[in-house]
Amino acid sequence: MRVSYNWLKTYIDFPYSPEELAERLTMAGMEVDGLEYLGEELKEIIVGEIIRIKEHPNADKLVICEVNTGEEVLQIITGAPNVVEGAKVPVAPVGVTLPNGMKIKAAKLRGEPSYGMICSTDELGLSEERAPGIMILEEEAEVGMRMVDYLDLDDYVLKLDLTPNYARCLGLLGLARELKAMQGQGKIKYPAIDLEETGEEINDLIAVEVWDEDLCPRYTGRIIKNVKIEPSPEWLQKRLAAAGIRPINNIVDITNYVMLEYNQPLHAFDYDQIAGRKIIVRRAENNEAIITLDDKERKLDDEVLVIADPDKPIGLAGVMGGANSEITEETTNIFLESAYFNPVNIRKTAKKLALPSEASHRFERGIDIEKVVEAGNRAAYLMQKYAGGEVVRGTIDVYPQPFEPLEIELEISLVNKILGLDLTVTEVREMLERLEFTVVKQDEDLLLVKVPSYRNDVEREADLIEEVARIYGYNNIPVTRPESKQQGGKTFKQKLEDLTRDLLIGSGLDEVINFSLTGETSFDRLNIPEDSELRQWVRIKNPLSEAYAVLRTSLVPGILEVLANNAKRQIEKMAVFELGKIFINQGEGEPAREVMKLAGGSIGYLRDIWNSGAPDFFYLKGVLESYFNRLGINNIEFKPVKVPYLHPGRAAGIFAGEKELGIIGEVLPGLIEKLDLKQRTAVFELDFELIQQEVKLEKNYQPLPKYPAVERDLAILVDKDVNAGDLLVSIKERGGELLKEVNIFDLYKGDQIPENKKSLAFTLLFQAEDRTLRDEEVNQLFGNILRELEKKYGAKIRG
Amino acid sequence: MDLKEKLQSIEKEAEKLFKDVDDLDRLEELRIEFLGKKGRITDVLRQMGKIPAEERPVIGLIANQLKAKLNELIQLKMNELEELIREKRLAEEKIDITLPGAGPEIGHYHPLTQIINEVKDVFIGLGFTIAEGPEIETEYNNFEALNVPEHHPARDLQDTFYIDDKYLLRTHTSPVQIRTLARQKPPIRVIAPGRVYRSDELDASHSPVFHQVEGLVIDKDISFSDLKGTIELFVKAIYGENRSLRFRPSYFPFTEPSAEVDISCIVCGGKGCRLCSHTGWLEVMGSGMVHPNVLEMAGLDTRVYSGFAFGMGWDRVAMLKYGIDDIRLFFENDRRFLHQF
Ligand SMILES: [Zn+2]
């Protein structure tokens, strides 16, 4: 809400500057998130008088003016057609910047010097369309006066960002009341209401029926006759403009003005457009329609409350009036509505029709049901004063269940316990009374507090405790710390997440964090088939855009996008990982499955240990092997697997026993370009929750070997397609208990090797726990292994 | 020349020769020449038969002394030469120690992870555990159980992504409070870091996906002053001892009293600058005493138990701490950005 500093001051005295006021309000819970000086743009414009006009010697369309600005007489050249001697005009002297950004400099126009500019309304930002000439000011304007003063713009606007519990401060009187409580003194100057009722009785002119009392607990109205529709007075227009409301005509402006004063939205109907002299407040019928003030047709249903006459709806209650009863230049008689509508219903209607308004904003938050009539009277008075209206005798007031103030029991010991204070019952009482709560009963430790009608945010003792804290001052409350009764720490899973990050980062991967909102196209690009689980997305019902319309079912698209985006910035080598959630739809009404995944990718890794042309694959594989090893998962196997976006010859499923933990592989060559990757890329993705099940972090000491180990190298030739992993399995099987370790140290294809063959070299380490191994024993085992490899894989020893 | 003179002249010659030796081979050569079986001293001793018997012991003594002296000389020379050789080899093995190391490349923690780790450390030290909850929440846990009824204006404070009539993407980590209250009895002391969603267009200061961390403390006799003390300790641990704090009334549906926490601006220290919109203060977190409605919905007796809760956007903590002015940087994962942390 925009609040004029000067306007607020008319309701209560306070000693604060605009800045101090902003600070005070903020610290009292009404956050001011901006302070605007209304005259900011016109600060340097002054009132001048054209004392003499001369022809320009070199130009027909220009004239030379001598302008008195009080301090000096400036020569200013202008082409405006409406300059006359003696006119008071706004002058921008040299050095001034106009609201449109133009900086005034001394200039020569067709050879004649000019020291400033006489401004038009649009140049001053006072009108939007281009003015035909300069702005001529009122005769009373004083030469040398600041335009800011002339235009009454020497004011500040506080931009209040009010939370829903400060709805009462959506009116200036409510704000004044807060200020009074904050100061602990002062008096609110209520606006004048000097009604002179004349003529008929309102009941002879109109009848009101409220059919849905639950949606409209109070409906009041007044009739003002013979109004003259015209622009409202300057000062009123300016106040509305400062509040951000566009002035329309005196009647509409007055309803808005009083809304800003009382926080009571009002609506003025053209009385003569109300058929049958009868207002009915009722639910709309399904498929009933109304054209609202904004000239749009709105389809209604029976959840929407309308103001109707016997023939038709003439307004959407609390949201917007109807075009059919709008105030026009021809309007002479007004039916002025002041009502209290059900907040929830107004909110639903405003949402449903996408019609938020100043009125609905206030009704939704609840207004003061006890001030409905007073606000109506205030508006009627202003219409009498500024629209020449005659206020008809009497008020319609349909108020079947008058307001019953809430009474709350407040234990002082609870106040002190919650706030950590030691207040007495009298102190608490005084604080609440400052806020106009009434204490009905006082005991040693108890107050029975009556809540004023405008405090619908106060529902129970906690709300009163907040009021006490606010008046006492949050920053005056002591600082203590509660006794800790438990040990802090992380769960196993949380520790494992930390360990995972530590290990992968230690292995050279950068951690990335991607959005979990994504678009289907990210998956289309990866050739994900229609029936894949990866297309069982959880969909957002109201997405911002297609790019953020579903929740990710895999971390891989995000990893690839990160690598591609970096590749675009000439990053040639990068390895990344992400530990994050994916979401799998489980069908309508079922909660989605949220699974923690661990994924990574690598481009540009240089060391190609097997000369395989797939260094990134083996880098990531090595990282994962070390990772599993550290987690105590020692039964990991890599088995060929098919993944739509991975190279069929360079993809593996990662298994711990029978359990598939995830996949690793190189991105399909055809996709590299499509994904903007620029070079071969390896990725992996693992199910972190399965990893968690496999982890064995408990350690058991094994005695160190006492007897020496025997090392033997084994170099063999096998067919190209034989997997090294299979050979390792066979070697381990045959080697039995005495074979402690076997490693591959060389892979060779090419010269000196027959075509379709490859050479693999292993180091085997034999060791017994109870004795030094004899050569014969080792030879025998070695022979067994070799024979097995010959038999199973046609391996030949390489001499 | 008699034998004695011979020995004396050998001694002189040897001393001179040994002095000039500069490699081990030459030294060995000389050793053989003087001390070898066919060396010059032996040679002299062989002539002993030609001299009178009574002189022999004297010559023998001189000869032995000479041998001992030469042996000592050789040993000294040898040490000296070996030392030279060692030095020479070391000199030859000199490397350019300013060449870069061959250490393993180490990755970088995402700045958001670094920040949340700091946050966790502070609270674990205060006896907190870490609670978690799903990102797809029920409307009930995200709103109703937190004292935000369906048609309450407080819903406008958070633009929500909906999945269906029952589920939504949590708009804050506060539903973890509800889940914690459902499974744990007081005393409760948890923080809940996690990812949250709001239907905000992505720009420099808004993101539809961001991160919050929630805190909840419930026990007998927990007061607003305890809230202040806990938050003050945390804020100083994260933003520095010199920060001043202020608590300002605010509104969250699930706390009452509610407080916004401001710290003195980390750029200008309170004088006013662009970061703090010239107020000198930065809003860093929301907090408050858990609303009795929330406690009652969780089945707790509000006459016995009370508590406080707090929450903050941890992306914002990282932005303030590192001076990052665009939230999108966190999710772009530009290597040049990541490698600064
Ligand atoms: Zn600052």
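In the text below, chain A, chain B and the rest are named by the order of the sequence lines, each starting its count at 1.
- With 3.5 Å as the limit, one finds a donor-acceptor pair spanning the side chains of B/Thr171 and B/Asn142.
- Heavy-atom pairs under 4.5 Å with chain B were tallied for A/Glu411, A/Glu19, A/His361, A/Arg470; the largest tally goes to A/Glu411.
- A 4.5 Å side-chain heavy-atom check between B/Pro208 and B/Tyr197 finds every atom pair outside the cut-off.
- Of the residues considered (B/Thr129, B/Ile136, B/Asp219, B/Val190), B/Ile136 shows the highest number of contacts with chain A, using heavy-atom pairs under 4.5 Å.
- Between chain B and the residues A/Val512, A/Val538, A/Thr163, the largest count of heavy-atom pairs under 4.5 Å involves A/Val512.
- Taking chain A as the reference chain and counting heavy-atom pairs below 4.5 Å, the highest number among B/His278, B/Met289, B/Glu260, B/Lys166 is found for B/Met289.
- Highest contact tally toward chain A, considering only B/Gly229, B/Gly307, B/Pro257, is held by B/Pro257 [criterion: heavy-atom pairs under 4.5 Å].
- Interface residue A/Ile540: backbone and side-chain heavy atoms are both found under 4.5 Å from chain B.
- Checking A/Thr500 against A/Glu497 by side-chain atom types alone, no donor-acceptor pair falls below 3.5 Å.
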**Test log, rule side chain to side chain contact (heavy atoms under 4.5 Å, CB included), inputs B/Phe224 and A/Leu421** = CA-CA 9 Å; B/Phe224 193 87; A/Leu421 292 175; over 6 Å; no

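- In terms of non-hydrogen atom pairs under 4.5 Å with chain B, the most contact-rich of A/Ala22, A/Gly420, A/Pro164 is A/Pro164.
- With contacts defined as side-chain heavy-atom distances shorter than 4.5 Å, the pair B/Leu227/B/Phe310 does not qualify.
- Neither the backbone nor the side chain of A/Ser545 has a heavy atom closer than 4.5 Å to any heavy atom of chain B.
- The candidate with the highest count of non-hydrogen atom pairs below 4.5 Å against chain A, out of B/Arg189, B/His291, B/Glu137, is B/Arg189.
- A 4.5 Å side-chain heavy-atom check between A/Leu419 and A/Val468 finds at least one atom pair inside the cut-off.
- Between A/Ser507 and A/Tyr619, the side chains place no donor N or O within less than 3.5 Å of an acceptor N or O (distance only, hydrogens not considered).
- The parts of A/Ala462 that come within reach of chain B are both its backbone and its side chain, each placing non-hydrogen atoms under 4.5 angstrom from that chain.
- Side-chain atoms of A/Asn542 come within 3.5 Å of backbone N or O of B/Tyr162 as a donor-acceptor pair.
- Both the backbone and the side chain of A/Phe515 have a heavy atom closer than 4.5 Å to some heavy atom of chain B.
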Which atom pairs, one a donor and one an acceptor, fall under 3.5 Å between side chains of residues 572-581 of chain A and the rest of the protein, sequence neighbours left out?
| residue | atom | partner | partner atom | Å |
| --- | --- | --- | --- | --- |
| A/Lys573 | NZ | B/Glu105 | OE1 | 3.4 |
| A/Lys573 | NZ | B/Glu105 | OE2 | 3.0 |
| A/Glu578 | OE1 | A/Asn514 | ND2 | 3.1 |
| A/Glu578 | OE1 | A/Arg552 | NH1 | 3.4 |
| A/Glu578 | OE2 | A/Asn514 | N | 2.9 |
| A/Glu578 | OE2 | A/Arg552 | NH1 | 3.0 |
| A/Glu578 | OE2 | A/Arg552 | NH2 | 3.4 |
| A/Lys581 | NZ | A/Glu594 | OE1 | 2.9 |
| A/Lys581 | NZ | B/Gly133 | O | 3.4 |

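- If you tally non-hydrogen atom pairs under 4.5 Å between each of B/Asp159, B/Asp262, B/Asn293, B/Thr279 and chain A, the highest count goes to B/Asn293.
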**Request:** Would you sort out whether B/Tyr167 and B/Glu139 count as a side chain to side chain donor-acceptor pair (under 3.5 Å), showing the intermediate values?
**Result:** CA-CA 6 Å; B/Tyr167 291 100; B/Glu139 170 136 19; over 6 Å; no

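- Residue B/Leu168 does not touch chain A at all, counting heavy-atom pairs closer than 4.5 Å.
- Within the 4.5 angstrom heavy-atom criterion, only side-chain atoms of A/Leu551, from C-beta onward, approach chain B.
- The greatest number of non-hydrogen atom pairs below 4.5 Å with chain B, out of A/Gly506, A/Ala167, A/Gly488, is found for A/Gly488.
- A heavy-atom distance below 4.5 Å is not found between the side chains of A/Val623 and A/Ser602.
- When heavy atoms are compared at a cutoff of 4.5 Å, A/Asp502 approaches chain B by way of both its backbone and its side chain.
- Residue with the most contacts toward chain A among B/Thr138, B/Leu233, B/Leu202: B/Leu233 (heavy-atom pairs, distance under 4.5 Å).
- Of the atoms belonging to B/Glu232, it is side-chain heavy atoms, and not backbone ones, that fall under 4.5 Å from chain A.
- Within the 4.5 angstrom heavy-atom criterion, only side-chain atoms of A/Arg569, from C-beta onward, approach chain B.
- Applying the side-chain hydrogen bond (donor to acceptor under 3.5 Å, both in side chains) test to A/Thr518 and every residue at least two apart in sequence or in another chain returns A/Ser522.
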Which donor-acceptor pairs under 3.5 Å do side chains of residues 114-126 of chain B form with protein atoms, sequence neighbours excluded?
| residue | atom | partner | partner atom | Å |
| --- | --- | --- | --- | --- |
| B/Gln114 | NE2 | B/Tyr109 | O | 3.0 |
| B/Asn117 | ND2 | B/Thr113 | O | 3.4 |
| B/Glu118 | OE1 | B/Lys321 | NZ | 3.0 |

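- Counting heavy-atom pairs under 4.5 Å between each of A/Ala28, A/Ala469, A/Pro591 and chain B puts A/Pro591 at the top.
- Residues of residues 477-486 of chain A that come closer than 4.5 Å to chain B, counting heavy atoms only, are A/Ile477, A/Pro478, A/Val479, A/Thr480, A/Arg481, A/Pro482, A/Glu483, A/Ser484, A/Lys485, A/Gln486, ordered by residue number.
- The contact between B/Leu338 and chain A is made entirely by side chain atoms (from C-beta outward), counting heavy-atom distances below 4.5 Å.
- No side-chain N or O of B/His108 forms a donor-acceptor pair with one of A/Asp510 less than 3.5 Å apart.
- Looking at heavy atoms from C-beta onward, A/Asn165 lies in side-chain contact with A/Glu466 at the 4.5 angstrom threshold.
- Comparing A/Glu31, A/Glu561, A/Glu364 by how many heavy-atom pairs each has under 4.5 Å with chain B, the most go to A/Glu31.
- A donor-acceptor contact closer than 3.5 angstrom is absent between the side chains of B/Ser207 and B/Arg328.
- Looking at A/Glu23, the atoms closer than 4.5 Å to chain B (heavy atoms on both sides) all sit in the side chain, from C-beta outward.
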